[in-house]
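Here the structure comes first, spelled out in structure tokens, and everything after it is commentary.
Numbering of residues begins at 1 and proceeds along the displayed sequence.
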Amino acid sequence: MTEPIDRNLALELVRVTEAAAVQAARWMGRGEKINSDQAAVDAMRSVLNTIAMSGLVVIGEGEKDEAPMLYVGEVLGTGDSPQVDIAVDPIDGTSLLSNGMPNSVAVIGVAERGTMLSSPDIMYMDKIAVGEKAAGRVHIDRPVVENLRAVGEALGKAMDDITVVVLQRDRHADLIAEIRAAGSRIKLITDGDVAGAIMAASDDTSVDLMLGIGGAPEAVIAACALKCLGGDMQAKLWPRNDQERETVRIKQIDTSRVYGLNDLVSGDNCFFAATGITDGELLRGVHYLGGGGATTESLVMRSRTGTVRRIQATHRVDKMSRMWPANG
């Protein structure tokens, strides 16, 4: 039995991602992944602890890569109602930020307590994500060409007009070859498949679907956004090494199971916020102004109402920082 969220947390959550983005963007292109992650984590934690809620971190990036983290099991907020699950990635695309490349974002998803899938044993998933028009038309177990054809029919596009976003990884060599053989276009990204899934589900980008293997935590975060956008997503657990394959054997984990959008995040009342850190196709990044100012662009969504807000803001960084001193 979950406690319903009876107020709109969306605009409170965008303060979280704005703070993380403004602090992390200072490290753009400086090759300091740990320092940029720490800056974003500290800002997020401080702002989250000002929000009237009892938030349990279910998805924390540090569980996967040992980076500075908002750790799984951490409780955030003032301790008041409502009780919620939190899925967070302070920087989706840490390498992108570190190298001064496009499309790094700060993201957070929140849903009613007990409604987010947790996958502590297997840290990667094979995924497919599409927008509202193609929702229900694709299936992760079908051949790539059939899914591409289905998306084309849903969108009224020829096969060679479809664009697929794929993480640039050696493991995707066969997938990339299949997409090319079908005649479709590919947008390779080096990191940031939360942003990739959102681009696939958004009408105002050039991307039509996302395919490939990425982080399981990112699948849950992206699912929050896709529920708000009316998109669709399916995912299957993908053991990445011998240790995880042995865990699958011992715990008898079903890696053939297809997780739908409602398996990743159940319920109809979830929230998502993202703020651009570096300029990208999805969001404009942080731009610092003379006199200590900064501008941000964010997406804020709620699934129950289907409301999607794009927020452009100007901040006085010195005043902003005084509102949430880092926790020692």
Please report the interatomic distance CD1(Ile34) to CG(Asp37), rounded to the nearest 0.5 Å.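 Here the rounded value is 6.5 Å.
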Nearest 0.5 Å, what's the CG-CG distance between Asn262 and Leu117?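 Asn262 atom CG to Leu117 atom CG measures 12.0 Å (nearest 0.5 Å).
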Sidechain-backbone polar pair: [X] side chain, [Y] backbone, donor-acceptor under 3.5 Å:
X      : Y      : answer
His172 : Ile213 : yes
His139 : Asp141 : yes
Asp263 : Gly260 : yes
Tyr288 : Thr295 : no
Asn241 : Glu244 : yes
Thr17  : Ala273 : no

For [X] and [Y], which heavy atoms make the closest approach, and how far apart are they?
X      : Y      : result
Leu283 : Ala274 : CD1-O, 3.7 Å
Tyr259 : Leu264 : CB-CD2, 4.2 Å
Gln234 : Ile140 : OE1-N, 2.8 Å
Gly192 : Leu167 : N-CD2, 4.3 Å
Leu261 : Gly231 : CD2-O, 3.4 Å
Val75  : Leu56  : CG2-CD1, 4.1 Å

Close side-chain approach of [X] and [Y], heavy atoms under 4.5 Å:
X      : Y      : result
Thr278 : Asn103 : no
Val72  : Val58  : no
Ile108 : Leu48  : yes
Val164 : Arg185 : no
Pro102 : Glu281 : no

Hey, is Glu74 close enough to Arg45 for a salt bridge, meaning N to O under 4.0 Å?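 Judged by the 4.0 Å cut-off on N to carboxylate O distance, Glu74 and Arg45 do form a salt bridge.
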If the threshold is 4.0 Å, N to carboxylate O, is there a salt bridge linking Lys236 and Asp126?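 Not counted as a salt bridge, because no side-chain N and carboxylate O are separated by less than 4.0 Å.
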Using only heavy-atom distances, determine whether the side chains of [X] and [Y] contain a donor-acceptor pair under 3.5 Å.
X      : Y      : value
Arg26  : Ser36  : no
Thr275 : Glu297 : no
Lys187 : Ser206 : no

Whether over 12 other heavy atoms sit under 6.0 Å from [X] [atom1]:
X      : atom1 : result
Arg171 : CZ    : yes
Asp204 : CG    : yes
Glu132 : CD    : no
Lys157 : NZ    : yes

Quiz item: cation-pi between Arg302 and Phe272, 6.0 Å / 45°: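 Output no; distance or angle outside limits.
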Run Thr50 and Arg15 through side chain to side chain donor-acceptor pair (under 3.5 Å) and show every step you take. CA-CA 10 Å; Thr50 70; Arg15 295 192 298 112; 3.3 Å; yes
Going hydrophobic residue to hydrophobic residue with side-chain gaps under 4.5 angstrom, can you get from Ile198 over to Val207?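 Yes, because Ile198 and Val207 connect within a single hydrophobic cluster, where side-chain heavy atoms sit under 4.5 Å apart.
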Check against salt bridge (Lys or Arg N to Asp or Glu O under 4.0 Å), Arg249 and Glu246: CA-CA 5 Å; Arg249 185 189 68 80; Glu246 181 65 9; 2.5 Å; yes
